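To start, the structure itself, in structure tokens.
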Amino acid sequence: MVTIDAEGLTSEHLMKPTPSACVFEHVYFARPDSTLMGQNVYATRYRMGQRLAEESPVTAELIMPVPDSGVPAAQGFAQSSGVPYGDGFVKNRYVGRTFIQPTQAMRQQGIRMKLNPVREVIEGRRVVVVDDSIVRGNTTRQIVAMLRDVGAREVHMRISSPPIKWPCFYGIDMPDQDELIGARLEVEQIREHIAADSLAYLSIDGMLASTQVPAEDFCTACFSSRYPIPIPDKELRDKHVLESPAHQALSDSDFTHDPLLSGDAPQN
Ligand code: SF4
């Protein structure tokens with residue numbers, strides 16, 4: 001607050017700053033050569049992969065990423081598990097991101113054009129495929145099918161972030177909640193849907209610890225439902241949150257706002 005009076009001009013902070021940076025920037029959006037909150041993004045994603053290997057180990061002969069965003073976490077997973085890393089997919093660099101294609105048909109066509117599995121790397125092997133996230137689940141299902149088509153003996157999916165269960169109201173272009181597979185299905189049901197031999201996600205604690213930034217500095221709402229700024233009912237309806245089965249299964253108390261991050265924070 002700036003005060004101008006007979007004494008002159010004074011400026012003072014009336015409340016403690018309460019940052020709520022988007023943790024998804026560290027998981028997916030930011031370029032790996034960026035520095036966010038003092039941390040290199042590549043190194044953070046590498047640690048996420050290491051932590052994922054500790055939390056959900058699996059016997060395999062090959063660790064491979066879904067390029068490009070799964071690369072650092074796959075390398076961390078391979079380092080931590082002692083299993084060789086390999087590029088099982090070659091990416092067509094002239095095709096855009098499937099995440100932001102507007103229709104399912106375009107996304108399906110997109111992933112086939114975008115990623116080409118290398119039979120010589122995959123055939124006869126138990127493979128661990130590391131990706132940064134699963135949004136709708138259809139791309140992941142196609143990835144598993146493509147790997148089986150070229151002879152993978154087993155396909156184990158490992159995701160370097162927790163299940164996305166809640167929509168973003170803060171500007172990230174995410175689907176409505178009823179399109180998020182993590183909001184509709186449990187992990188085992190998602191594994192069945194994508195037809196993988198196993199599926200595991202990084203825990204919220206593991207994700208936050210990997211950033212090496214204090215957890216209270218982040219928004220994690222799409223994973224945790226802890227929205228740092230209250231969401232008006234109209235916004236919830238517009239994103240179909242109130243109609244979603246996941247919301248009905250939760251009590252109102254799950255729609256909490258972290259008091260440390262909201263306007264209820266101690267004002268010192
Ligand atoms: S809800 Fe998710 S995507 Fe949106 S700002 Fe929070 S962490 Fe980022």
Side-chain angles (χ1 to χ4, degrees), residues 17-32 34-41 44-45 47-48 51-52 66 69-70 72-73 97-102 131-137 139-140 159-185 187 190 201-244 246-247 250 252-265:
T18 54
S20 296
C22 172
V23 75
F24 222 135
E25 290 279 358
H26 298 249
V27 170
Y28 172 73
F29 287 113
R31 279 174 42 157
S34 335
T35 299
L36 292 181
M37 304 164 87
Q39 300 293 329
N40 170 255
V41 171
T44 296
R45 291 177 187 166
R47 288 191 294 269
M48 288 173 177
R51 175 79 179 233
L52 182 57
V66 176
S69 53
R97 291 181 174 192
T98 53
F99 184 63
I100 54 175
Q101 299 281 13
D131 204 354
D132 57 88
S133 55
I134 298 179
V135 180
R136 297 176 182 83
T139 298
T140 311
I159 307 300
S160 62
S161 63
I164 304 170
K165 298 185 173 192
W166 302 88
C168 179
F169 297 92
Y170 304 135
I172 300 298
D173 184 17
M174 246 189 222
D176 290 344
Q177 192 181 28
D178 51 9
E179 288 186 56
L180 298 171
I181 194 167
R184 295 187 288 110
L185 302 178
V187 173
I190 299 172
Y201 291 82
L202 184 61
S203 66
I204 291 183
D205 285 350
M207 173 180 68
L208 291 170
S210 300
T211 66
Q212 297 189 346
V213 171
E216 59 270 23
D217 288 355
F218 284 113
C219 169
T220 60
C222 52
F223 304 112
S224 66
S225 85
R226 293 164 70 89
Y227 288 94
I229 297 172
I231 310 300
D233 278 352
K234 180 185 178 311
E235 299 288 321
L236 295 174
R237 279 196 302 276
D238 287 350
K239 290 268 188 182
H240 305 291
V241 170
L242 295 177
E243 288 79 20
S244 114
H247 183 266
L250 294 166
D252 285 342
S253 61
D254 288 304
F255 240 125
T256 53
H257 312 293
D258 188 333
L260 284 175
L261 301 177
S262 72
D264 303 334

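Remember, it's 1-based here, ligands and their atoms both numbered in the order they're listed. On a predicted model such as this, the values are computed, not experimentally measured, just so you know. We use all heavy atoms of the structure for the numbers below, so side chains are in, but hydrogens, waters and symmetry mates are not.
- Arg45 places a side-chain N or O within donor-acceptor distance of the main-chain N or O of Val27, the cut-off being under 3.5 Å.
- For Ser203, the side-chain hydrogen bond (donor to acceptor under 3.5 Å, both in side chains) partners two or more places apart in sequence, or in a different chain, are Glu55.
- Scanning for side-chain hydrogen bond (donor to acceptor under 3.5 Å, both in side chains) contacts around Thr44 gives Arg47, with sequence neighbours left out.
- Side-chain contact between Pro167 and Met174: absent, with no pair of heavy atoms (C-beta onward) separated by less than 4.5 Å.
- Of all protein N, O or S atoms, those under 2.8 Å from atom 8 (Fe) of ligand 1 number 1.
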For residues 208-215, dump all side-chain donor-acceptor pairs below 3.5 Å to protein atoms at least two apart in sequence or in another chain.
unit_1, atom_1, unit_2, atom_2, d
Ser210, OG, Gly206, O, 2.7
Thr211, OG1, Leu208, O, 2.6
Thr211, OG1, Val213, N, 3.2

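- Of the possible polar contacts, one joining the Tyr170 side chain to the Ile229 backbone as a donor-acceptor pair under 3.5 Å is found.
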